[in-house]
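Since the structure comes first, as structure tokens, the remarks are kept for the end.
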Amino acid sequence: MSWASWTTAGVYTGRGGVLTVEAGVVTGDVTVHTTWAETEARVAVQYSGASDWFTMSGSPVPCASEEESRDLHDAVVAAVREGNGATVPNLPVPPV
């Protein structure tokens, strides 16, 4: 089984924060975590320094490779910084 994970701490949400499944909108200083396993990526956020993780709205998403999961994580961090009720963005599907 192939898997990878990516974590970025100290991300400040833009105005309007991040939309989560469990807690609604989360704002402020957060940590973003992406876990990829085989064909799927799961994205969660937590208030930096807290213990509770919240599923980011739009997660899980199909994700074909470790490289794609890293690109997804970077896109999620950018979306969180932008705010506006950020959800997991859709990445372009690479040509076959």
Side-chain angles (χ1 to χ4, degrees):
M1 177 175 179
S2 297
W3 71 275
S5 67
W6 315 99
T7 303
T8 304
V11 180
Y12 288 88
T13 65
R15 177 176 282 141
V18 178
L19 185 58
T20 69
V21 173
E22 300 86 357
V25 175
V26 172
T27 61
D29 180 5
V30 300
T31 298
V32 179
H33 182 77
T34 303
T35 303
W36 170 75
E38 301 278 328
T39 61
E40 181 178 86
R42 295 180 177 271
V43 182
V45 297
Q46 75 176 172
Y47 290 106
S48 292
S51 59
D52 294 330
W53 287 95
F54 305 110
T55 305
M56 194 166 166
S57 184
S59 175
V61 295
C63 193
S65 68
E66 182 176 339
E67 181 180 354
E68 188 178 307
S69 72
R70 178 61 188 186
D71 292 343
L72 174 68
H73 180 78
D74 290 343
V76 167
V77 170
V80 168
R81 288 185 173 132
E82 190 171 315
N84 300 316
T87 60
V88 176
N90 294 319
L91 291 179
V93 177
V96 182

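Looking at every heavy atom in both residues, Ser2 comes nearest to Glu38 through N-OE2, 2.8 Å. Here the closest heavy-atom approach between residue Val76 and residue Pro89 is recorded as CG2-CD, 3.7 Å. For the residue pair Val11 and Arg81, the shortest heavy atom distance occurs at CG1-CG, 3.7 Å. Across Trp36 and Thr39, no two heavy atoms sit closer than the pair NE1-N, 4.1 Å. Thr87 and Ala79 make their closest contact through O-CB, 4.2 Å (heavy atoms, listed as atom of the first residue, atom of the second, distance). When all heavy atoms of Cys63 and Glu68 are compared, the closest pair comes out as CA-OE2, 3.3 Å.
Side-chain contact between Asp52 and Glu22: absent, with no pair of heavy atoms (C-beta onward) separated by less than 4.5 Å.
Using the six-membered ring where Trp is involved, Trp6 and His73 have ring planes that are tilted, between 30° and 60° apart.
The distance from atom OG1 of Thr13 to atom CD of Glu82, rounded to the nearest 0.5 Å, is 12.0 Å.
Hydrophobic clustering, with ILVMFWY side chains joined whenever heavy atoms are under 4.5 angstrom apart, keeps Leu72 apart from Leu19.
Using a 3.5 Å distance cut-off with no hydrogens or angles, the side chains of Ser48 and Thr31 do pair a donor with an acceptor.
Results of the side-chain contact (heavy atoms from CB on, under 4.5 Å) test with Thr34 over Thr7, Val61, Val77, Val43 single out Val43 as the only residue that passes.
Residue Glu40 places its CD atom among more than 12 non-hydrogen atoms of other residues, nucleotides or ligands, all under 6.0 Å distant.
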